[in-house]
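Computed from a predicted model, the values in this text were never measured in an experiment.
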Amino acid sequence: METKEKELTFDKRYMQMARIWAENSYCERRKVGALIVKNKMIISDGFNGTPSGFENICEDENNTSKPYVLHAEANAITKVARSNNSSDGATLYVTASPCIECAKLIIQSGIKRVVFGEHYRITDGIDLLKRAGIEVVYLEV
């Protein structure tokens, strides 16, 4: 199998795993999952939700996301920061395109490649990642 074909096979599998991981989210409006992979090893994972120790309710009475809900990418990046692993040079798989705030975290964490599975109406996060020279891949699985 040639390298690009093999990479695509792995991309699809990791994206499927990110979608499964998204099912852990308690959020009702949208469930998002993320995996950080380095050297073909999953070094971190995350899904959108409230900070540790908070009630697992993401939306208020108007079905609006609470302002302190963490995105899947932020959870995965902060989780790897608390471990002995480094995200430098890693690939992030996320089920939805990153927002601008998560894009900033991705850039600062040294992640060099982002594979996402669903376009969001606001593209400023993707635009910023491209501007930073990070490889961005849309993969519909």
Side-chain angles (χ1 to χ4, degrees), residues 1-61 63-141:
M1 198 178 332
E2 87 176 49
T3 310
K4 275 290 178 197
E5 191 178 319
K6 195 171 190 175
E7 183 178 60
L8 181 61
T9 299
F10 276 102
D11 283 350
K12 287 179 179 178
R13 289 183 181 149
Y14 285 127
M15 186 60 74
Q16 287 172 327
M17 293 170 75
R19 282 205 168 84
I20 290 167
W21 206 244
E23 294 172 21
N24 289 315
S25 174
Y26 288 92
C27 298
E28 298 294 328
R29 291 179 56 225
R30 169 179 264 179
K31 296 178 184 294
V32 180
L35 297 177
I36 299 176
V37 177
K38 187 173 178 180
N39 301 324
K40 293 193 174 81
M41 287 188 332
I42 298 169
I43 61 168
S44 192
D45 55 65
F47 51 87
N48 58 326
T50 56
S52 299
F54 282 63
E55 74 289 346
N56 288 320
I57 301 168
C58 299
E59 294 85 13
D60 62 19
E61 59 280 351
N63 200 32
T64 302
S65 289
K66 293 179 179 175
Y68 53 84
V69 168
L70 290 157
H71 290 184
E73 307 95 313
N75 267 327
I77 290 167
T78 55
K79 193 173 180 179
V80 80
R82 292 178 67 180
S83 74
N84 293 325
N85 286 314
S86 166
S87 54
D88 203 37
T91 297
L92 170 72
Y93 294 88
V94 61
T95 58
S97 60
C99 71
I100 190 96
E101 294 302 318
C102 287
K104 291 189 274 187
L105 291 174
I106 292 164
I107 293 164
Q108 291 301 97
S109 71
I111 290 170
K112 294 298 177 210
R113 188 165 178 264
V114 174
V115 180
F116 72 98
E118 182 185 314
H119 285 283
Y120 187 61
R121 59 184 165 79
I122 302 168
T123 63
D124 55 1
I126 294 295
D127 298 339
L128 186 65
L129 291 173
K130 289 178 180 176
R131 182 175 168 197
I134 293 172
E135 181 185 353
V136 178
V137 179
Y138 169 63
L139 182 64
E140 195 173 25
V141 177

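Across all non-hydrogen atoms, the minimal contact from N75 to L70 is OD1-CD1, 3.4 Å. Between A76 and S44, the shortest heavy-atom contact is O-OG, 2.7 Å. Between Y14 and M41, the closest heavy-atom pair is OH-N, 4.2 Å. Contact detail for P98 and C102: the closest heavy-atom pair is CB-CB, 4.3 Å. For G125 against A103, the heavy-atom pair with the smallest separation is O-CB, 3.4 Å. Taking every heavy atom of both residues into account, P51 and Y68 meet most closely at CD-O, 3.5 Å.
Looking at N85, its side chain never comes within 3.5 Å of a backbone N or O of V80 through a donor-acceptor pair. A donor-acceptor pair is defined here as one N or O able to donate and one able to accept, closer than 3.5 Å; such a pair exists between the side chain of S87 and the backbone of S109. Not a single donor-acceptor pair under 3.5 Å links the side chain of K38 to the backbone N or O of G89. Checking side-chain atoms of T64 against main-chain N and O of D60 turns up no donor-acceptor pair under 3.5 Å. Put simply, the side chain of N48 gets close to the backbone of R30: a donor and an acceptor are under 3.5 Å apart. T50 places a side-chain N or O within donor-acceptor distance of the main-chain N or O of E55, the cut-off being under 3.5 Å. Judged by distance alone, the side chain of K31 and the main-chain N or O of C27 form a donor-acceptor pair under 3.5 Å.
To the nearest 0.5 Å, atom CD of residue E7 and atom OG1 of residue T91 are 7.5 Å apart. Note: L35 CG to Q16 CD = 11.5 Å, rounded to the nearest 0.5 Å. I106 CD1 to I134 CD1: the interatomic distance, rounded to the nearest 0.5 Å, is 7.0 Å. Separation of atoms CD1 (I126) and CD1 (I100) is listed at 10.5 Å; rounding is to 0.5 Å. In this structure, CD1 on I77 lies 12.0 Å from NE2 on H71, to the nearest 0.5 angstrom. Here the NZ atom belonging to K12 is positioned 11.0 Å from the CD atom belonging to E140, to the nearest 0.5 angstrom.
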Please assess V32 against V94 for the test side chain to side chain contact (heavy atoms under 4.5 Å, CB included), listing each intermediate value before the final yes or no. CA-CA 7 Å; V32 180; V94 61; 3.9 Å; yes
May I have the step-by-step check of side chain to side chain contact (heavy atoms under 4.5 Å, CB included) for M17 and D45, ending in yes or no? CA-CA 10 Å; M17 293 170 75; D45 55 65; over 6 Å; no
I'd like to know whether L139 forms a side chain to side chain contact (heavy atoms under 4.5 Å, CB included) with L8, so could you lay out the CA-CA distance, the side-chain angles of the two residues, the decisive distance to 0.1 Å, and finally the verdict. CA-CA 9 Å; L139 182 64; L8 181 61; 3.7 Å; yes
What do the steps show when you test M15 against V115 for side chain to side chain contact (heavy atoms under 4.5 Å, CB included), and what is the final call? CA-CA 8 Å; M15 186 60 74; V115 180; 3.7 Å; yes
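Annotation: side chain of F116 is in contact with side chain of V136 (closest heavy-atom distance under 4.5 Å). Taking the side chain as every heavy atom from C-beta outward, R29 and S65 approach each other to under 4.5 Å. For the pair T95/R19, a side-chain contact is recorded, criterion being any heavy-atom separation below 4.5 Å from C-beta on. C99 places none of its side-chain heavy atoms less than 4.5 Å from the side chain of I122. With a 4.5 Å cut-off on side-chain heavy atoms, R113 and Y93 count as touching.
Summarising the local packing, CD of E135 is surrounded by more than 12 heavy atoms from other residues, nucleotides or ligands at distances under 6.0 Å. Shown here is N56, whose CG atom has more than 12 heavy atoms of other residues, nucleotides or ligands within 6.0 Å.
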